[in-house]
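I have placed the structure first, in the form of structure tokens, so that the comments after it can refer back to it.
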Amino acid sequence: MLFSDEIPFSRLDCAFARFLSQRTYFDSGRKQRFEVLTATLSQQQYQGHTCITITDNDKELLLESGLTGEIPVNPALSYPLIIEENRLYTQRFWAYENQLATKITRLAQATTHTPNLENLLDRYFPAKGAQTDWQREAAKTACGRLFSIITGGPGTGKTTTVCKILAILQELAPKPLLIALTAPTGKAAMRLQEAIGTNLAALNCPEALQEHIPCAAITLHRLLGADPMSPYFKHDATNPLIFDRVVVDEASMVDLALMSKLSSALKPGAGLILLGDKDQLASVESGAVLADLIAGLPDNTVELKHSYRFDGGIKKFSDAVNNQDYEAAWAILTGPDDRIELLEPSRLLPYITQRREDYVRLVKTRAGFTEIYRAFNEFQVLCSNRQGPTGALAVSIAVEHALFGHSTQYGVTGWYPGRPVIVAQNNPALHLYNGDIGICLPDREQNGNLMVFFQRPDGSVKKFLPARMPDCETVFATTVHKSQGSEFEDVLVVLPETANPVLSTELLYTAISRARKNIKLITGKTVFMTAVINKALRNTGLRNKLNKSG
């Protein structure tokens with residue numbers, strides 16, 4: 001029954017539902033209803049929701065199964081399914097959500113004694129007029145509380161602000177604080193490190209104090225101590241991190257499980273600062289953690305409202321999309337601003353190959369990795385979908401053939417000089433994580449043999465034999481989800497020919513905000529309208545828990 005064409009459940013959803021139903025004493029009718037509920041839960045969690053909403057009749061049936069506990073749950077019993085109010089969870093996701101809500105609520109309520117704070121704020125954020133200085137307000141919140149969120153769009157100065165915050169915290173502390181800078185992906189960590197380094201040089205503070213402000217940023221997986229042979233991290237509640245403050249950039253990308261594990265790994269008295277854009281896509285995995293935390297803890301959140309990077313067309317375009325103003329967004333896209341342009345579908349491959357000419361030239365003339373890597377990151381194609389004729393996989397293959405054809409001279413199947421790849425599976429042993437981008441090139445130190453080069457957040461370069469690489473894909477085009485944490489000079493956004501459930505305001509806004517200078521789109525008017533007006537909402541209970549705690 002669950003495999004019928006009318007019910008869009010995967011084989012995994014069905015296997016999960018049947019595994020549970022076989023452990024009940026239901027008759028066939030009730031067993032079928034139980035299977036539909038549990039398969040729906042599995043399906044929705046795969047799509048990013050942490051729970052599903054159920055009716056009173058559903059609740060009665062689930063509790064009769066003997067496999068479901070209702071909050072408060074008897075601590076002596078363990079149930080695979082949990083009901084809290086009208087929400088149904090798997091035990092794992094309920095535990096993550098409850099653990100995070102409990103830890104963050106305690107952090108959010110904790111304040112710090114800061115007698116000299118106002119004087120330091122005056123020095124680091126001198127008055128610029130009568131208007132509210134939101135960067136100063138963010139610093140005041142972050143320095144006075146153990147938990148704070150600084151949100152804002154591209155170029156609003158989140159990392160500039162946090163650099164000053166770290167200086168103030170060090171000045172206020174009786175002894176130097178241990179501070180960790182971290183982000184969900186290697187690329188995001190690299191950008192955070194670059195931004196902190198740039199801002200640190202211009203910081204108005206004693207040189208001796210600057211030495212206690214970290215420049216190195218690492219991924220969350222490295223911070224927590226990922227074990228290649230285990231799903232658990234080295235650092236947890238029983239073995240906490242040593243840091244007094246942890247700063248997480250691109251926090252919108254952090255899923256429920258990872259944020260829960262991070263919060264649990266904080267030592268007593270440690271603080272947490274989250275940076276992120278509340279309007280971007282939520283994490284690929286389950287939850288909408290940053291959005292829920294912002295909504296549930298407004299007193300701990302400050303939004304930066306002035307963009308120093310974007311002005312004119314791109315800013316107006318992203319604002320129109322974010323405000324779901326379809327008419328205004330379409331008018332800008334089809335207007336005279338040459339930084340924002342609508343391309344015909346027939347121009348897809350010619351435009352990409354033209355934009356990649358410099359990259360190909362550098363590869364063929366055997367330029368250094370750093371120069372090639374910089375050229376590659378000036379431009380990227382962002383697709384709404386991974387699969388399909390306009391998906392990232394198909395576009396990458398078409399571009400690969402157009403630029404390099406089929407190369408077998410190196411004797412390594414699938415690998416050739418100039419192949420850019422994106423890591424699709426975490427490999428803690430190699431310190432390579434999902435989303436990291438490398439480029440395959442001949443290595444002069446290895447007699448011209450192919451190696452895959454990666455730039456680390458600290459600017460160093462690591463290289464690996466293609467045979468040692470974890471699962472990866474060619475990345476002449478990537479999905480908008482995978483592009484989070486990255487920025488490019490120019491971006492081409494490719495939407496599908498027909499509307500699908502992936503399209504949303506958040507997806508389109510995220511794609512636009514990856515571009516520094518120019519944004520091109522290939523889309524039809526109806527599909528574009530669907531993307532602008534469709535808000536992506538995730539079913540979670542975190543916001544509800546935070547509101548009750550507050």
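- Side-chain atoms of E171 and Y124 include a donor-acceptor pair closer than 3.5 Å.
- Relative to the six-membered ring of F125, K164 meets both conditions, a distance below 6.0 Å and an angle of at most 45° to the axis.
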- Chi angles and distances behind the side-chain contact (heavy atoms from CB on, under 4.5 Å) call for V248, L220: CA-CA 8 Å; V248 182; L220 279 166; 4.3 Å; yes
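- For F233 and H221, the ring centers sit closer than 6.0 Å to each other.
- Between L266 and A270, the closest heavy-atom pair is CB-CB, 4.3 Å.
- A salt bridge does not link K158 with D249: every distance from a Lys NZ or Arg NE/NH1/NH2 to an Asp or Glu carboxylate oxygen is 4.0 Å or more.
- A donor-acceptor pair under 3.5 Å is absent between the side-chain atoms of E285 and the main chain of D255, judged by distance alone.
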Check against side-chain contact (heavy atoms from CB on, under 4.5 Å), E64 and R30 = CA-CA 10 Å; E64 286 177 6; R30 291 198 298 168; 2.5 Å; yes
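- Using modelled atom types and a 3.5 Å distance limit, the side chains of E84 and W94 yield a donor-acceptor pair.
- Between S286 and Q45, the side chains place no donor N or O within less than 3.5 Å of an acceptor N or O (distance only, hydrogens not considered).
- Under the side-chain contact (heavy atoms from CB on, under 4.5 Å) criterion, L117 pairs with T114, L121, K140, C143, I168, L172, sequence neighbours left out.
- Nearest heavy-atom pair, A189 versus T219, reported as atom, atom and distance to 0.1 Å: CB-N, 4.3 Å.
- Shown here for D292 and L546, the closest heavy-atom pair between the two residues is O-CD1, 3.7 Å.
- Distance alone, capped at 3.5 Å, is enough to place a donor-acceptor pair between the N547 side chain and the R543 backbone.
- When all heavy atoms of S21 and E35 are compared, the pair lying nearest together is OG-OE2, 2.7 Å.
- Side-chain atoms of S264 and Q99 form a donor-acceptor pair, as typed in the model, at a separation below 3.5 Å.
- For the atom pair OG1 (T301) and CD1 (I294), the distance works out to 5.5 Å, reported to the nearest 0.5 Å.
- Between Q380 and L382, the shortest heavy-atom contact is CG-CD2, 3.8 Å.
- Listed for the S260 side chain is a donor-acceptor partner under 3.5 Å among the backbone atoms of Y96.
- Remark: the backbone N or O of A195 is not paired with any side-chain donor or acceptor of T159 at under 3.5 angstrom.
- Between the side chains of Y509 and D277, a donor-acceptor pair is found at a separation under 3.5 Å.
- Rounding to the nearest 0.5 Å places CG of L297 at 9.0 Å from CZ of R145.
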Original post:
Can you check side-chain contact (heavy atoms from CB on, under 4.5 Å) on N539 and Q44, steps first, answer last?
Top reply: CA-CA 9 Å; N539 197 0; Q44 292 298 294; over 6 Å; no
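- No side-chain N or O of S78 forms a donor-acceptor pair with one of Q91 less than 3.5 Å apart.
- Between K315 and D319 there is a salt bridge, since a side-chain N of the basic residue sits under 4.0 Å from a carboxylate O of the acidic one.
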Determine whether L100 and L256 satisfy the following criterion, side-chain contact (heavy atoms from CB on, under 4.5 Å), listing intermediate values before the conclusion. CA-CA 8 Å; L100 178 60; L256 174 65; 3.9 Å; yes
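- By the 4.0 Å N-to-carboxylate-O rule, R516 lies close enough to E487 to be salt-bridged with it.
- Nearest heavy atom pair, residue H212 against residue A208, reads CD2-O, 3.5 Å.
- Residues T55 and N57 have side chains that never bring a donor and an acceptor to within less than 3.5 angstrom of each other.
- Looking at N119 and N116, their side chains do bring a donor and an acceptor atom within 3.5 Å of each other.
- Listed by chain and residue number, W415, V421, M469 satisfy the side-chain contact (heavy atoms from CB on, under 4.5 Å) test with C472 (two or more places apart in sequence, or in another chain).
- Defined by atom type and a distance below 3.5 Å, a donor-acceptor pair is present between the side-chain atoms of Y89 and E97.
- No more than 12 heavy atoms of other residues, nucleotides or ligands shown are found within 6.0 angstrom of NZ on K175.
- Under the 3.5 Å distance criterion, with hydrogens and angles disregarded, a donor-acceptor pair is assigned to the side chains of T160 and N199.
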